[in-house]
Undergrad: 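Before I ask anything, let me first share the structure, which is written out below as structure tokens.
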Amino acid sequence: MSFSFYETMLKIWNTSAFAVMTWQEALMIAVACVLIYLAIVKKYEPLLLLPIAFGVLLANLPLAGLMSPPTENAVGGLLYYLYQGVKLGIYPSLIFLGIGAMTDFGPLIARPSSLFLGAAAQLGIYIAFIVAIALGFAPNEAASIGIIGGADGPTAIFLTSKLAPELLPAIAIAAYSYMALIPLIQPPFMRLLTTKKERETKMEQLREVSKLEKIVFPVIVTVVVCMLLPSVAPLIGMLMLGNLFRESGVVERLNETAQNALINIVTIFLGTTVGATAVADIFLRPETLKIIALGLLAFIFSTIGGLLLGKLMYLVTGGKVNPLIGSAGVSAVPMAARVSQIEGQKANPENFLLMHAMGPNVAGVIGSAVAAGFLLAMFG
Amino acid sequence: MSFSFYETMLKIWNTSAFAVMTWQEALMIAVACVLIYLAIVKKYEPLLLLPIAFGVLLANLPLAGLMSPPTENAVGGLLYYLYQGVKLGIYPSLIFLGIGAMTDFGPLIARPSSLFLGAAAQLGIYIAFIVAIALGFAPNEAASIGIIGGADGPTAIFLTSKLAPELLPAIAIAAYSYMALIPLIQPPFMRLLTTKKERETKMEQLREVSKLEKIVFPVIVTVVVCMLLPSVAPLIGMLMLGNLFRESGVVERLNETAQNALINIVTIFLGTTVGATAVADIFLRPETLKIIALGLLAFIFSTIGGLLLGKLMYLVTGGKVNPLIGSAGVSAVPMAARVSQIEGQKANPENFLLMHAMGPNVAGVIGSAVAAGFLLAMFG
Amino acid sequence: MSFSFYETMLKIWNTSAFAVMTWQEALMIAVACVLIYLAIVKKYEPLLLLPIAFGVLLANLPLAGLMSPPTENAVGGLLYYLYQGVKLGIYPSLIFLGIGAMTDFGPLIARPSSLFLGAAAQLGIYIAFIVAIALGFAPNEAASIGIIGGADGPTAIFLTSKLAPELLPAIAIAAYSYMALIPLIQPPFMRLLTTKKERETKMEQLREVSKLEKIVFPVIVTVVVCMLLPSVAPLIGMLMLGNLFRESGVVERLNETAQNALINIVTIFLGTTVGATAVADIFLRPETLKIIALGLLAFIFSTIGGLLLGKLMYLVTGGKVNPLIGSAGVSAVPMAARVSQIEGQKANPENFLLMHAMGPNVAGVIGSAVAAGFLLAMFG
Amino acid sequence: MSIADSLLVSVLGLFVVFLVLILLSFLIHIQSIILGYITAYQQRNAEASHTIIPVEDQPEEADQGWTAGELKLIGVDEKTAAMIMAIISDETQIPLSELQFKKIKAIDQIN
Amino acid sequence: MSIADSLLVSVLGLFVVFLVLILLSFLIHIQSIILGYITAYQQRNAEASHTIIPVEDQPEEADQGWTAGELKLIGVDEKTAAMIMAIISDETQIPLSELQFKKIKAIDQIN
Amino acid sequence: MSIADSLLVSVLGLFVVFLVLILLSFLIHIQSIILGYITAYQQRNAEASHTIIPVEDQPEEADQGWTAGELKLIGVDEKTAAMIMAIISDETQIPLSELQFKKIKAIDQIN
Ligand code: NA
Ligand code: NA
Ligand code: NA
């Protein structure tokens, strides 16, 4: 082996990325920078959007090969290995374990009719599904696009990684971005679809929920939902296990770790590798723009679905239910419940809807998991 | 592809679990609920029993497939992947790392004769082994059943996952349940086998142990035990590495993480997946009842072994050793030491045996690991 | 199957390690004890040296098989599985994620010329490389030995595990030991190569760095370095992602976990398994002594490189730069910066160089990653 | 898939979501009623059996306070308690076997 | 590999390291200048538009204080706030809908 | 396996457990004696060589107090110290190079 200055510099140059970078990759890096900006400055769900954005950046640096599978001669890329947890469906379930440990289902148990709102606010999933089919997407793709309307990141990633992995980055980015945009998306429809009188409705205080009820609840939900829709058992099972850790009061160590170290580690790995699936030639297609548009449609119709049922419940109960809590049924915990609170107080400064909206809000998590289970049963 | 309401609902129904659930699975779900009750209300070792119980629940929901291995067309179930850490023997060792970091071997170093008691209190392992052989169990199964008498969860899971994985759920549930029942199992035998005078014995204060002794101790134990019984090196090695983290005083970060985030994450994964091996057709066999009975036998004879050697030491030392600390040699840290303390104070309100019982108690951990090493050498 | 006392004891003896231990293994265990002593009593980078030392101990216990790969009949050893994270290059990158989250690049941004010093202080890498070639090492081995002069543990492990895995334990032990010895290695050369007047130089206060600059910095570094040297993208990418977690201020959860639970867990696994590669017949070769000598050489010449450029900058700036901050460019954060501070104050008690030395110090981390990228491009 | 089919699937999908969530809400209702009865029954029993020392019933106390023989441990585990006792014994030069502890309680920084 | 080759590789290696790090230092310089201009420009604008209430601009305040309608939350998340309010409502027996909160602020232990 | 065999295995098994644990207790004994001698020897030497300033020997102090030149750091790492100094320098408008710190010590909340 002989070396010369020229040859060696050429080798370095040839192994560098400048020689091979495409404009698409450069564009993706710009997209990554925009997402980083949105995550940090606009605070769009930064816990996931920041890792996703950095994953997009890393995956589009040519030759870095962070997502390359192992070959005979070389080990695979770092993100390839970390991505296995997405591919095998492990990360979304572990994130749900942490979310379960963080969630208080008390308001839901205190007013079980919240669940109706959590069901109605999945409307957008199906509207987006129909439009996606009409636009020519395959059923598995349309189902994955629809799930954006579930307003629930881990569920969307879980379903998409099983049904249409090539759409994963677009769907994940859309889902988390729109979740961050809930305070902009929902209020116009909330005001449009409700009367001032409805919005002014004060709701009765929720009854106290006993510890025992909170402990039995996750067991019941697990059995019922996983029996009806077995394909969603990893999500619902882990969500409820985390909630049982929380409510049992006897495994504080596990509860604390599920809420912190474990969910944070998984979030870093999940976010970065989901972002890293957004390589230029997969992401820069017209489909991505369609997905982003359909995602917005899905969010809007989910909001509308929740509001309409809220209005119906207002009528049926003789004005005891403020329809504004319906839009919280989309999930997007706790952002959507907060929007209900704000709009409620705008109509009536003495109105405090936060606790009442938390019921539909957490019901929406279960609702979108159920919808995902249905879609998996149909197209999985 | 054409759809009709009827066909689609049929498809959903067929993919649901109601159509195929067996009474055995329903029974297992009931068992899981009983275990959840014991873990939460009765506080039976909830850190492991609660995840185990929920794993039992999840594994017996038909069609959920949480434990199914990957096939050509589908990825494996969530718990299948998490279970690999049990199958490959990784989790029990990492739990021992955390336990080592939590354990103070000071009382053992201060009175090395504690180790004799930690040896004698493994008697039940061998008694249960003999009876299991007599009942027709194969040697590898009998050895796994015997190890219940070690009163040490990770050791039992480590050995069983290597020798008789099909017995894993029964043995793990029995081991953790009886550990929780130590305050009920031991006292009758403690009072039966000791005289009032013996139980009243006050013991001399333990000498102070220097930091240097505590640092050298884990190194010596590792070398000696792993040389004599190499098959148990993962357990003893990690236990002593954790203890070195603790005693060295220079790696507080690692010590803290071994005691918290790491052990908690592994506990969640281990518990849930060990429980998930309890699928109905494996668990609902007469063998399970036999194992549960033999486990109790093992605990009783381990207690007796420790007490008898305690009595001998009382005699030999001319009444300087309270035989009640012998029963703490079963391990079940720190429950068994606490029982010694309580019984000692019942006999003599000025008697404080807790620190003295901690020596045999932690010696019992080493003792059962050594016993496991012997059984692995014989039948592994 | 029939048993006799004699046969069974023979079986136990034959499965024990005493029958087969070689003097080389005994020597390695003694080496492990010396390393444990250095880690605990001398506090030589104990966070890594203690796990490494214990790994050496465990790997040289005969028959324990902690590093054995799985066979048809048996699962692999505990450390074999944990080692995959080293082999696949995952652990060093995750450690860099944590280091990035812990590092304040402010002093570097405030005085970008620090980067020149961080480049010059990689001199030792190449000096050691040349001498290693002269001593007959293969180029990939020489490159791995040279990287010791980068004074950066994860980078050294990352490069060596790719280029010359059989040298991993010697190089890792040398790297961490010399990093701990920085306060002994550097001062003589610092005094030898600088005049009293130079050492007395007080430096101007660093300008304040805005939050925005700190956020843009990791993105720029990632793009530039990973484009030029794609092979080092896992290291630089994760370092900068961690730093972005830190500086963004919007993902405090992830920042905290990257700095604690995650890096600690990985450190335990990395240290123990890197140590475990030091099996007697690989480690006890003349090459190991050569590597240790070459490592010292590398550290010395890296120090000299930094100091010489420091002197040049002193000249060029008309005495505004204290050349003592040059030696901090080796990395070994924050030890080397501290040595600069101490030597500066010895020359002039009113001299406070710590903040000024932090710039070259963190630049040295980037510098050695870049050097590693170059070596990977040449020999990978 | 035709748009008609997609419509059908969507109606069915929403139907399933409603079905499951209505079923859940129904079960929660029933649960509340049953647990309400149980709790009421237990309370009546509890009041009947020890009206004099109802303080014993406080679950928090039961949770946090261990009792090791005559010694009450509140908010501290036994390991810590044993260490505290060992330290006091060491510092006072009174052998552990002659010291008597009644209660060890974790207290907050101030108060 | 010959020693001459190794020398060449080393010179090149050091050259590459310097090249990359000098490039970086150059980019940081440029970044500082550009960001300096942007910041100066923004500040000028900010001063021009609201000289009277510059306190509104404090980024820390903006970060830590959420506002939920008329209610100001400082250093507490909404979940906690909702719980605090629920507890107060429960203890005072005033329904939540009749209670009015202006501000919930996390305070340190002392002070 | 016959019951007789299982009995034999059990006796051997218990024998091995006792063997190993007795060996360990023996080694701990020896260790205590040896380390006792070493400690005694060191203490004697220590007393002989610096009876006047035995405080220097306190390992805790050595552990927790770093010294950076003339500056003593107690309970704070250098990074923190550097930041504290940078902040003070910034707020007092005195360049770092003209400020002089003698000691930076972490103190508890009260006291
Ligand atoms: Na939803
Ligand atoms: Na035991
Ligand atoms: Na370096």
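All values below were derived from every heavy atom in this structure, side-chain atoms included, with hydrogens, water molecules and symmetry-related copies excluded. Each chain gets a letter, A, B and so on, in the order the sequences are listed, and its residues count up from 1.
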Undergrad: Could you measure the distance from the CD1 atom of F/I22 to the CZ atom of B/F116? Nearest 0.5 Å is fine.
TA: 5.5 Å

Undergrad: Looking only at heavy atoms, which two atoms of F/S25 and B/P112 are closest? And how far apart?
TA: CB-O, 3.3 Å

Undergrad: How would you list, in number order, the residues of residues 124-131 of chain B that have a heavy atom less than 4.5 Å from chain F?
TA: B/Y126, B/F129, B/I130

Undergrad: Of all the heavy-atom pairs spanning B/I133 and F/S2, show the shortest one and how long it is.
TA: CG2-O, 4.0 Å

Undergrad: What part of B/L309 gets closer than 4.5 Å to chain F, counting heavy atoms only: side chain, backbone, both or neither?
TA: side chain

Undergrad: Side chain, backbone, both or neither: which part of F/L12 has a heavy atom under 4.5 Å from chain B?
TA: both

Undergrad: Determine the option with the most heavy-atom pairs under 4.5 angstrom with chain F, choosing from B/V224, B/L375, B/I366.
TA: B/V224

Undergrad: Measure the CE-CG distance between B/M227 and F/L23 for me, rounded to the nearest 0.5 Å.
TA: 11.0 Å

Undergrad: Is there a donor-acceptor pair closer than 3.5 Å between any side-chain N or O of B/E213 and the backbone N or O of F/Q31?
TA: no

Undergrad: Among B/L115, B/V221, B/I220, B/V216, which residue meets the side-chain contact (heavy atoms from CB on, under 4.5 Å) test with F/I28?
TA: B/L115

Undergrad: Quick check for you: to the nearest 0.5 Å, what is the distance between B/I109 atom CD1 and F/L24 atom CG?
TA: 11.0 Å

Undergrad: Can you tell me how far apart CZ (B/F374) and CG (F/L19) are? Round to the nearest 0.5 Å.
TA: 11.5 Å

Undergrad: For B/R111, is it the side chain, the backbone, both or neither that has a heavy atom under 4.5 Å from a heavy atom of chain F?
TA: neither

Undergrad: So which part of B/A120 gets closer than 4.5 Å to some heavy atom of chain F, the side chain, the backbone, both or neither?
TA: both

Undergrad: What's the shortest heavy-atom distance between F/I3 and B/A134, and which atoms?
TA: CD1-CB, 3.5 Å

Undergrad: Taking every heavy-atom pair that is under 4.5 Å apart, which of B/V209, B/L229, B/L108, B/L212 has the most such pairs with chain F?
TA: B/L212

Undergrad: Need one label for F/L35: side chain, backbone, both or neither, based on atoms under 4.5 Å from any heavy atom in chain B.
TA: side chain

Undergrad: Report the option among F/L14, F/T39, F/V11 that has the most heavy-atom pairs separated by less than 4.5 Å from atoms of chain B.
TA: F/L14

